[in-house]
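Just so we're on the same page: letters track the sequence lines, and every chain starts at 1.
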Amino acid sequence: MASNLVIVESPAKAKTIEKFLGKDFTVKSSFGHIRDLSKKNFGIDIENGYTPQYIIPDDKKKVVEDLKKAAGKAETVWLASDEDREGEAIAWHLYDVLEIEPGKVRRIVFHEITREAILKAIENPRTINMELVNAQQARRILDRLVGFELSPVLWKKVKPSLSAGRVQSVAVRLLVERERDILNFKSTSSFRVTAHFEATDNKDQKSRFRAELPKRFPERDQALEFLKKCVDARFQVTDITTKPSVKSPPAPFTTSTLQQEAGRKLGFSVAQTMAIAQRLYESGKITYMRTDSLNLADSVLSAAARLIKGEFGEKYVKTRKYKTKSKGAQEAHEAIRPTYLQNRIEGSNSNEQRLYDLIWKRTVASQMSDARLEKTTITISISGLDEYFTATGEIMKFEGFLKVYMESDDEEQEEQVKGLLPPLKKGDRPVALNITATERFTQHPPRYTEASLVKKLEELGIGRPSTYAPTISTIQNRGYVVKEDRPGTQRKYKVIQLEEKNIKEEVHTETAGSEKAKLFPNDIGMVVNDFLMNHFNDILDYNFTASVEKEFDDIAAGKLTWHHMIDKFYNPFHKKVEKTVETSEKNKGERYLGVDPESGKNVYVKIGRFGPMAQTGESESEEKPGFAALRKEQRLETITLEEALELFKLPRKLGQYEDKDVVAGIGRFGPYIRHNNKFVSLKKDLDSPYEIELDRAIELIEEKRRAEREKVIREFEGNDQMAILKGRWGPYITYKGKNYKIPKDTDPAGLTAEQCLSIIKNSDKKPAKKKTAVRKRQKPK
DNA sequence: CAGTGAGCGAGCTTCCGCTTGACTT
């Protein structure tokens, strides 16, 4: 009979620990927090000392019942939630809810999931630290007050269903500010000069290398002038320097660095990385994936040392302990690492295997020696000129950790001229095979990816490992931000080349500014951000979280009471909220563009009920104003009067066909023709909705009709609700407006009406739709 | 699938941090 009950936060952890402990112990999990503030009336009794109103959410009722039963039977209940602010609060909620006799409860913590660590924890129980719990309650109450007071202000002043909060609003601010930096960025160009040299050594061996001119020329004329002077110039090596350098391995993974590297190396979104890591964790392959700790268990350090020695040799071993630098880290877990280092491959599909491999390499590399490099710089003078070329080369003296792992960079850097250099001496006279001046452009600051935004938030101490991925999802779900690819634009650049005493000048084209999986703020994100910055700049301050964190620490240290802290924050904040609701204008991001020369009416852009739109004429006037939705790629901030007027040219009436109007327009899915409530897509590049004429439109309508007719594989007499059709993904049955898949290896043309009905019946059984997972999405139009 | 944009008003939306399901084309 088990007389001890141990409660941890995660079920996977419970399973592991149960194996370490004897038959006297049952280990169960709380699945995280078991109580939360009620959603009614803020869940806080503001008038009575901000008393929190806790409830057990529906999906936790079963867990709590189960724990209560087990706790009643046990002689001793060990509360073993994580050793951080949230974990301490979970322990207290458990204690409060489970109605255990005080004498039966012990609070324990451990940092490693090993038998020794747990037994040691059990020998050293303590009581629940109420000061730490109060720090958590202050954190929870502050976040609720901020979120539930600010969001309704947005509903009134901007648009319903929007949200604001301590973390998400700062995330949006970062993106909006970066976007404006990019919009305001003026790219300039200059000419970069590179040369290919050939050197001949005393054994008549020839070798080639590249060199670069450190100086850049701002104008084409100066670059040309320089090349002209090089035509008859001679080149000489005047200096050779070598400098040793060392590179140390990166620290083991935390949640944030794992998300970054999996994004860069494997192309995973942060949500994808977390889901895959979760599966590896649940199957016991890796340690916990939501962590800010860089710590590895001592047993792992020795295992790594053994493994590296066996695999690569003694000199590759250098065990290290890493210290976290990130603000507000709570370090309740270990770094993310393989559970068993000796297992080189793990995971039940390729994504799991790739992520495991990344974690394995990073963990092992973190315990390996530094790489030693030697960087050589050769200076080459040009006769008659002050300018000089430099060639740099890097040689690896000792690979060290680079044998296993190389960290990726965020920014795409300009290709550097590096590599092996021939053995040159001072005084050598290499020959220039060619010298090229290429026009290069300065680049705007990079847009954030999901992972680089997480990195930035972590640097600012905003958000926690468990919330990075959900925060990124929230700001996308609210429509503040979209993640997407954008094609670049063609850009011309000049190339001037000197080769065999001839100078030729050419113009090349390149694609610039294309973006892949980057975060772009939408108009609504910008409008909300501006509104919040205007009225609540203190909450949006990048240091707001850091300063309240300091106060939470003071509460945890017993130097400040949580009532006092919350009261000091809430009074002025609430006054500001009330004042804003009373006095501020509605903020629709309206911008006045100018006067329509044809009608003389004013033209505006703003956010309407269905998203960003343009308007001609006044809303208050008797004559109804004209409306047109902005195109997907247009922004309130940047659209011009001409572009806005263009929008009103569509939809365009082309004429009549079969007594019905034929209309051309651009919709969500591109240009279209509408006739008799049926839509025909225009062919890209072939037809323009601005120019297409009636004859061509009729042609397209007829073409579509023909395709529709050919689509029918079979119809049924006396039943015009049902048909067998040919679709993009093969044949299917349509019945009363819904479509059904035909089972493989069935001849679609040979199906009888009865057989069709039975297929329909079978597939109708499956979808038992539940309401729970339905999430509201705002798609930008 | 793509159009829409009056005005009224009921009833709803919303935060951050812990944890996993149970959904589906």
Touch class at under 4.0 angstrom, heavy-atom based, for [X] against every strand present:
X: A:Ser163; answer: sugar-phosphate
X: A:Ser10; answer: sugar-phosphate
X: A:Gly87; answer: nothing
X: A:Phe42; answer: nothing
X: A:Val167; answer: sugar-phosphate
X: A:Gln615; answer: nothing
X: A:Arg144; answer: base
X: A:Asp59; answer: nothing
X: A:Ala164; answer: sugar-phosphate
X: A:Glu282; answer: sugar-phosphate
X: A:Pro465; answer: nothing
X: A:Gly165; answer: sugar-phosphate

Exercise for review: Please state whether the base of B:dC18 and the side chain of A:Arg290 form at least one donor-acceptor pair under 3.5 Å?
Suggested key: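 It does not, because no donor-acceptor pair links the side chain of A:Arg290 to the base of B:dC18 below 3.5 Å.
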Review point. Quick one: does A:Arg140 reach the base of B:dC15 with a side-chain donor-acceptor pair under 3.5 Å?
Key: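 Yes, a donor-acceptor pair under 3.5 Å.
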Side-chain N or O of [X] less than 4.0 angstrom from OP1 or OP2 on [N]?
X: A:Tyr288; N: B:dT19; answer: yes
X: A:Ser151; N: B:dC15; answer: no
X: A:Gln278; N: B:dT20; answer: yes
X: A:Arg464; N: B:dC18; answer: yes
X: A:Arg478; N: B:dT14; answer: yes

Review point. So, do A:Phe148 and B:dC15 meet the stacking rule of ring centres under 5.5 Å and planes under 30°?
Key: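 So no, this residue does not stack on that base, at least one cut-off failing.
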**Study point:** Per-pair stack call A:Tyr672 and B:dA2, 5.5 Å, 30°
**Key:**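 No, A:Tyr672 does not stack on the base of B:dA2.
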Does any donor atom in the side chain of [X] or [Y] lie under 3.5 Å from an acceptor atom in the other side chain?
X: A:Glu450; Y: A:Gln476; answer: yes
X: A:Gln137; Y: A:Tyr50; answer: no
X: A:Ser256; Y: A:Glu458; answer: yes
X: A:Arg290; Y: A:Ser466; answer: no

Exercise for review: Select from A:Glu549 and A:Lys13 the residue whose nearest nucleotide in DNA chain B is closer to the 5' end of that strand.
Suggested key: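 On the 5' side of the pair lies A:Glu549.
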Exercise for review: Find which nucleotide of DNA chain B each of A:Pro470 and A:Leu145 is nearest to by heavy atoms, and output the residue with the more 5' nucleotide.
Suggested key: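 Per heavy-atom nearest nucleotide, the more 5' residue is A:Leu145.
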Point to revise | Nearest-nucleotide pick for A:His33, side chain only, options being B:dG5, B:dG17, B:dT20 | key: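 From the listed options, B:dG17 comes nearest.
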Review point. Of the nucleotides B:dG17, B:dT14, B:dT19, which one has an atom closest to the side chain of A:Arg166?
Key: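 For the A:Arg166 side chain, the nearest candidate turns out to be B:dG17.
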Nucleotide [N], atom [atom2] - distance to [atom1] of [X] in whole Å:
X: A:Tyr50; N: B:dC15; atom1: OH; atom2: P; answer: 22 Å
X: A:Ile141; N: B:dT14; atom1: CD1; atom2: P; answer: 22 Å
X: A:Asp292; N: B:dC18; atom1: CG; atom2: C1'; answer: 13 Å
X: A:Arg139; N: B:dC16; atom1: CZ; atom2: P; answer: 9 Å
X: A:Ile539; N: B:dT14; atom1: CD1; atom2: P; answer: 20 Å
X: A:Glu88; N: B:dC18; atom1: CD; atom2: P; answer: 14 Å
X: A:Gln137; N: B:dG17; atom1: CD; atom2: P; answer: 16 Å
X: A:Phe627; N: B:dA2; atom1: CZ; atom2: C1'; answer: 19 Å

**Study point:** Interatomic spacing from OG in A:Ser326 to CG in A:Leu457 - rounded to 0.5 Å
**Key:**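 Going from OG on A:Ser326 over to CG on A:Leu457, the span is 12.5 Å.
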Practice item. Check step by step if side-chain contact (heavy atoms from CB on, under 4.5 Å) holds for A:Thr580 and A:Phe536. Key: CA-CA 9 Å; A:Thr580 306; A:Phe536 301 99; 3.6 Å; yes
Exercise for review: From the options A:Arg139, A:Gln330, A:Arg464, A:Arg140, select the one residue that forms a side-chain hydrogen bond (donor to acceptor under 3.5 Å, both in side chains) with A:Glu86.
Suggested key: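 Going through the options one by one, the only one that passes is A:Arg139.
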